[in-house]
2 protein chains.
Amino acid sequence: MSILVVGSVALDTVETPFRREEGVLGGAASYFATAASLYSGVNLVAIVGSDFPQEYLEYWKQRGIDLTGLQIEEGKTFHWSGRYHLDMNTRDTLDTQLGVFADFHPVVPAQYLNSPLVFLANIQPTLQLEVLNQVSSPRLTVLDTMELWINTAYDELTEVMKRVDVLLISEEEIRQYTKQPSVLVAVRQLFEMGIRYVVVKLGSYGALLFGTDGTYFSAPSYPLEEVQDPTGAGDSFAGGFLGYLSTVEPQADQHYSVDDLKRAVVHGNITGSFACEKFGIEGLRSLTIEQIAGRYRELVTFSHFDTNWYPGQR
Amino acid sequence: MSILVVGSVALDTVETPFRREEGVLGGAASYFATAASLYSGVNLVAIVGSDFPQEYLEYWKQRGIDLTGLQIEEGKTFHWSGRYHLDMNTRDTLDTQLGVFADFHPVVPAQYLNSPLVFLANIQPTLQLEVLNQVSSPRLTVLDTMELWINTAYDELTEVMKRVDVLLISEEEIRQYTKQPSVLVAVRQLFEMGIRYVVVKLGSYGALLFGTDGTYFSAPSYPLEEVQDPTGAGDSFAGGFLGYLSTVEPQADQHYSVDDLKRAVVHGNITGSFACEKFGIEGLRSLTIEQIAGRYRELVTFSHFDTNWYPGQR
């Protein structure tokens, strides 16, 4: 079941305490598409400049990523440059060059219009709205965002939120958007806007799934000895989340079961862990579905415990 | 199966953004004993001054806490005064008055010497050693500590660590003690000292259990809408952890099964959640074992997921 994604494709300069690379394939849609393509076909809506390496396009085609919706314009590809601090949890943006992205307006090709799953990766809310206005009643719409849009495009972001089924958001971002210190109270506030599921990403602590039907699920993270580069972890999470759902037949009412949504969050944590483990997009490029299955089985043993609370009598 | 605890009993002044109270029952041993007494008898080794309210002693006796090892000396009870910041995760110590605790040397009464479970709550490592030197080969020794002793009594703390079975430690503390940014690497370093199990407490994110036998377990936290007062959360965690183990018959080799250690960590998270939910020790005083069972069952549904990673064929 194919997945439509709109988002940024970039050539990044990434600096960690251990390594620095220029011209690294980056951008939310790149991480998402690479991860999700392990599960299903991906329909990419994005823009790159004439400097974008042919090699990456060939790789994506080979992975079953449809590039009909990828605009290639004369000029430079979006460029982000960032430096991670020693703790690898915080980073400074050193430079952002929009390039051809400055004039981007997403155009969803006719053959993408019926994509049952739609992921609005982290770009300007107005562009996310443009995509929602083009697609015809997808089964599930999933939204990602970032601090920048909460600060600079709050009203437009709120418009998008009211129109999607699932929101992926970090703990800091949900507090920032709702101005609520309690995540549980914050989530209820989002539910009142019509969102059905909220996934709160906790970085190295895993993720929480909340549903308007009362669902609450705490998904364990996969323990990593070392994080090489957290860039794209959230986008890779989304790729595993939607990737997993793309393999599932929804129920008669076109909704996904809670069990499947839980599994999707676990898949998201797994693809996110592979992304962090290597530099740039490397951790995803060589990844196989069998490796994902391996970590899934490990996470079961890492997080399940005896369902009987008490062994016997005192 | 009775549990011996040595640690501080205090009268605290606690200030949160919402409330301020003086003369609140506090101290690591108080929280621990109150939580653990829900499961088994507790043998308390501690010191209080002549100002210590009789009411608390009566309450503890009624809860099955043996006070033979509680020294009552002329003078003032240990007093801690602290103020929590708005995020409730950080706090400033405003004042510490050692009172009778300044000259404290733990004396383990004869009838406590064979306690199968021993908890060394967060006090000076030299006092923890004094207790280890008195007890006769307990089945399980569990150690807690804090930043202060890592900074001021590193060598003595290391001595204690080499002699215990289980270490309870926060994520910040383990990084601080080992100087390792990676928790996985840090834990291996502790294993080389002879500790068999390390529980890394992640606050509102739950806890991780590591064993020299390769055990790795990520225990979910119980989601709280609001944290009233995190004082004593770690000590209450220890109370639930050891409390649960006190109800279990260990295996033939006198070791606990991995399943039971996992359950113990879940119980720890639960007692910790009740402690945080109300001010001071209130959340534990009215607590019943049935309420703990209720949250245990909830945590199963909150954290378990389908063990099959994939629903079918692509």
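In what follows, chains are A, B, ... by sequence order, proteins preceding strands, each numbered from 1.
- Ranking Met1(A), Arg188(A), Lys262(A), Glu225(A) against chain B, the residue ahead of the rest is Glu225(A), based on heavy-atom pairs under 4.5 Å.
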Are Asp213(B) and Thr215(B) close enough, and set up right, to give a side chain to side chain donor-acceptor pair (under 3.5 Å), and what steps lead you there?
CA-CA 6 Å; Asp213(B) 54 3; Thr215(B) 299; 2.7 Å; yes
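- Identified by a heavy-atom distance below 4.5 Å to chain B, the contributing residues of residues 201-211 of chain A are Leu202(A), Tyr205(A), in residue-number order.
- Taking the charged nitrogens against the carboxylate oxygens, Asp92(B) and Arg83(B) have no contact shorter than 4.0 Å, which rules out a salt bridge.
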Working for side-chain contact (heavy atoms from CB on, under 4.5 Å), residues Tyr256(A) and Tyr244(A)
CA-CA 11 Å; Tyr256(A) 290 94; Tyr244(A) 171 76; over 6 Å; no
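- When the salt bridge (Lys or Arg N to Asp or Glu O under 4.0 Å) test is applied to Arg20(A), the partners found at least two apart in sequence or on another chain are Glu15(A), Glu22(A).
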Please lay out, stage by stage, how Arg263(A) and Asn308(B) fare under the test side-chain contact (heavy atoms from CB on, under 4.5 Å).
CA-CA 9 Å; Arg263(A) 280 204 274 209; Asn308(B) 294 311; 3.7 Å; yes
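- Comparing Val227(A), Val258(A), Val266(A) by how many heavy-atom pairs each has under 4.5 Å with chain B, the most go to Val266(A).
- Between Tyr222(A) and Phe302(A), the ring planes are tilted. Angles from 30° to 60° get that label.
- Residues of residues 170-182 of chain B that come closer than 4.5 Å to chain A, counting heavy atoms only, are Glu171(B), Ser182(B), ordered by residue number.
- Ring-plane geometry between His304(B) and His304(A) is classed as parallel, the angle between the planes falling under 30 degrees on a 0 to 90 degree scale with a further cut at 60.
- Listed by chain and number, the residues in a side chain to side chain contact (heavy atoms under 4.5 Å, CB included) with Thr90(A) are His85(A), Asp87(A) (sequence neighbours excluded).
- Put simply, the side chain of Tyr84(B) reaches to within 4.5 Å of the side chain of Pro230(B), judged on heavy atoms.
- Counting non-hydrogen atoms of neighbouring residues, nucleotides and ligands closer than 6.0 angstrom, the CD atom of Gln291(B) exceeds 12 such neighbours.
- For Leu86(A), no part lies near chain B; criterion is any non-hydrogen pair under 4.5 Å.
- Of the two parts of Ala293(A), the backbone and the side chain both hold a non-hydrogen atom closer than 4.5 Å to a non-hydrogen atom of chain B.
- Heavy-atom pairs under 4.5 Å with chain A were tallied for Pro223(B), Pro220(B), Ser221(B); the largest tally goes to Pro223(B).
- No hydrogens or angles considered: a donor-acceptor pair under 3.5 Å links the side chains of Asp229(B) and Thr231(B).
- Each of Phe237(A), Phe119(A), Phe241(A) was scored for a ring-ring contact (aromatic ring centres under 6.0 Å, His included) with Phe32(A), with one residue passing: Phe119(A).
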